[in-house]
Amino acid sequence: MSTRPEQSAADDAAGQRGSRRSESRRVASWSEHHRWSAAASLRRLLARPFGTLMTVAVIGLALALPLAFYLLLGNVQRMGDALGQRQAISVFLQPGQSAPAAQLMATSVRERADVAAVTVKTPQQGMDELATMQGFSGAVHALDDNPLPYVLDVQPKDALNAAAVQDLVTQLRDLRGVDMVQDSGTWRQRLDALLGLGNRIVAVLALLLSLAALLVVGNTVRVDIASRVEEIAVLMLIGASGPFVRRPYLYAGIWYGLFGGVLASLLAVAIELSLVAPVEQLNAAYAGQLELGALPLWLLLATPLAAAVLGWLGARLVSAWQLRRATV
């Protein structure tokens with residue numbers, strides 16, 4: 001009486017085992033074809049080195065340009081920080097102010113939450129600076145007395161934006177005993193605006209050149225498919241699926257993009273190395289105040305990966321379109 005249920009359970013178990021084996025074979029076949037497609041597409045690229053090198057060179061040059069502009073903008077930002085973006089605010093006290101009054105005002109300003117440091121410059125220090133400037137030494141020695149006032153060099157906090165610094169300048173002008181306040185706030189705003197424009201230009205340029213790299217890969221894959229249209233037609237006739245036929249060309253696009261991205265990163269590093277000597281001379285001219293940097297390592301490593309994705313996308317779009325035409 002229990003033979004039939006037991007036989008049914010055994011059949012179900014056997015069916016499940018068969019289904020698992022079939023699924024395992026499909027996965028193994030799928031992974032094997034991916035490995036074969038990657039290797040075959042790479043061999044095909046290496047079989048025509050000149051054409052492959054030309055395509056990779058175009059992609060590498062196209063992607064190296066945004067990297068070079070990104071490097072330029074980053075160093076302009078650092079130069080702005082070193083040469084003026086964090087320049088102290090000069091507060092000129094009214095003539096006749098005494099040293100204790102200047103020190104008292106410096107202490108009051110130093111206690112503000114938006115001020116990092118305050119330095120008091122005496123009239124004699126100001127006169128000494130004028131004496132070292134070309135063309136002023138004779139005029140300084142001709143003076144009977146020192147007409148220069150006390151000056152407070154106020155250093156704002158680094159975290160302050162341009163609006164907060166301008167608000168600080170306004171409040172310093174309103175202090176009793178202050179004659180004039182000099183600030184590079186306008187210059188900072190102009191520099192920020194120029195850097196913002198530069199960043200937008202770099203983003204647009206990167207987008208356009210990435211599109212150019214995508215089109216280059218797509219056109220190369222299109223030519224490759226067009227030269228093998230009869231082979232593709234035969235594969236379709238014997239039952240090959242679209243993804244099966246398309247896979248080698250997708251890997252070809254990945255290889256093109258990957259090699260082009262590696263070349264772009266190498267070109268960017270070469271540009272950095274070529275600028276080492278001029279940067280050292282510039283830094284020496286500014287007494288070591290400049291802190292110029294290189295492209296971040298993550299960006300150099302991410303460029304080949306992003307280029308490989310672009311290559312895959314270009315090959316995917318073109319191969320799908322070409323295969324539809326081949327089957328019509």
Side-chain angles (χ1 to χ4, degrees), residues 27 30-49 51-74 199-226 228 232 241-272 294-326:
V27 172
W30 178 83
S31 60
E32 181 181 358
H33 189 255
H34 270 278
R35 290 193 296 268
W36 178 88
S37 299
S41 60
L42 181 59
R43 288 194 299 267
R44 193 174 301 152
L45 265 61
L46 297 178
R48 46 176 192 271
T52 300
L53 182 61
M54 292 293 291
T55 302
V56 169
V58 171
I59 297 173
L61 290 173
L63 297 180
L65 285 176
L67 293 177
F69 280 108
Y70 184 84
L71 174 65
L72 175 63
L73 280 179
N199 287 326
R200 182 63 59 87
I201 292 175
V202 169
V204 173
L205 185 65
L207 179 62
L208 293 177
L209 292 176
S210 298
L211 179 61
L214 185 148
L215 293 176
V216 168
V217 173
N219 184 65
T220 304
V221 172
R222 181 191 64 81
V223 173
D224 194 10
I225 293 176
R228 307 181 62 178
I232 293 173
S241 63
F244 182 90
V245 176
R246 187 168 54 233
R247 197 164 290 143
Y249 303 103
L250 298 183
Y251 274 103
I254 292 174
W255 289 125
Y256 278 128
L258 182 64
F259 293 150
V262 170
L263 178 59
S265 295
L266 293 177
L267 289 174
V269 172
I271 293 173
E272 292 178 4
L295 289 171
L297 181 61
W298 68 264
L299 182 60
L300 295 175
L301 296 178
T303 298
L305 299 179
V309 173
L310 284 175
W312 173 85
L313 181 60
R316 177 68 177 82
L317 295 175
V318 171
S319 61
W321 177 66
Q322 284 289 96
L323 292 179
R324 280 198 301 268
R325 291 187 58 190

Q: Taking atom CG of Leu214 and atom CG of Leu310, what is their separation to the nearest 0.5 Å?
A: 6.0 Å
Q: Do you know the tightest heavy-atom contact between Leu45 and Ala252?
A: CD1-CB, 4.1 Å
Q: May I ask you to decide if Ser265's main-chain N or O and Thr303's side chain share a donor-acceptor pair within less than 3.5 Å?
A: no
Q: Less than 4.5 Å apart, side chain to side chain, heavy atoms only: is that true for Arg222 and Trp321?
A: yes
Q: Could you go through the side chain to side chain contact (heavy atoms under 4.5 Å, CB included) check for Leu211 and Leu207 one step at a time?
A: CA-CA 6 Å; Leu211 179 61; Leu207 179 62; 5.9 Å; no
Q: Identify the heavy atoms of Thr220 and Tyr256 that sit nearest to each other, and give their distance.
A: CG2-OH, 3.4 Å
Q: Could you give the distance from CZ (Phe69) to CD1 (Ile201), rounded to the nearest 0.5 Å?
A: 8.5 Å
Q: Are Val216 and Thr55 packed together at the side-chain level, in the sense that at least one heavy-atom pair is separated by less than 4.5 angstrom?
A: yes
Q: Show the nearest heavy-atom pair for residues Ala307 and Leu63, with the distance to one decimal.
A: CB-CD1, 3.5 Å
Q: Give the minimum heavy-atom separation between Ala315 and Leu250, together with the two atoms involved.
A: C-CD2, 3.7 Å
Q: Considering non-hydrogen atoms only, spot the tightest contact between Val318 and Gly218 and give its length.
A: CG1-O, 3.3 Å
Q: About how many Å separate CZ of Arg247 and OH of Tyr251, when rounded to the nearest 0.5 Å?
A: 7.5 Å
Q: Just verifying a value: how many Å separate Leu300 CG and Leu67 CG, rounded to the nearest 0.5 Å?
A: 7.0 Å
Q: So, taking the atom named CD1 in Ile59 and the one named CG in Leu215, what distance separates them when rounded to the nearest 0.5 Å?
A: 10.5 Å
Q: Quick one: does any side-chain atom of Trp255 pair with a main-chain N or O of Ala38 as donor and acceptor, under 3.5 Å?
A: yes
Q: Closest heavy-atom contact between Ala264 and Gly60?
A: CB-O, 3.4 Å
Q: Working to the nearest 0.5 angstrom, can you tell me the gap between Ile254 CD1 and Phe259 CZ?
A: 11.5 Å
Q: List the steps, then state whether side chain to side chain contact (heavy atoms under 4.5 Å, CB included) holds for Leu61 with Leu267.
A: CA-CA 8 Å; Leu61 290 173; Leu267 289 174; 3.7 Å; yes
Q: Picking from Leu71, Leu208, Val204, Leu209, what satisfies side chain to side chain contact (heavy atoms under 4.5 Å, CB included) with Pro66?
A: Leu209
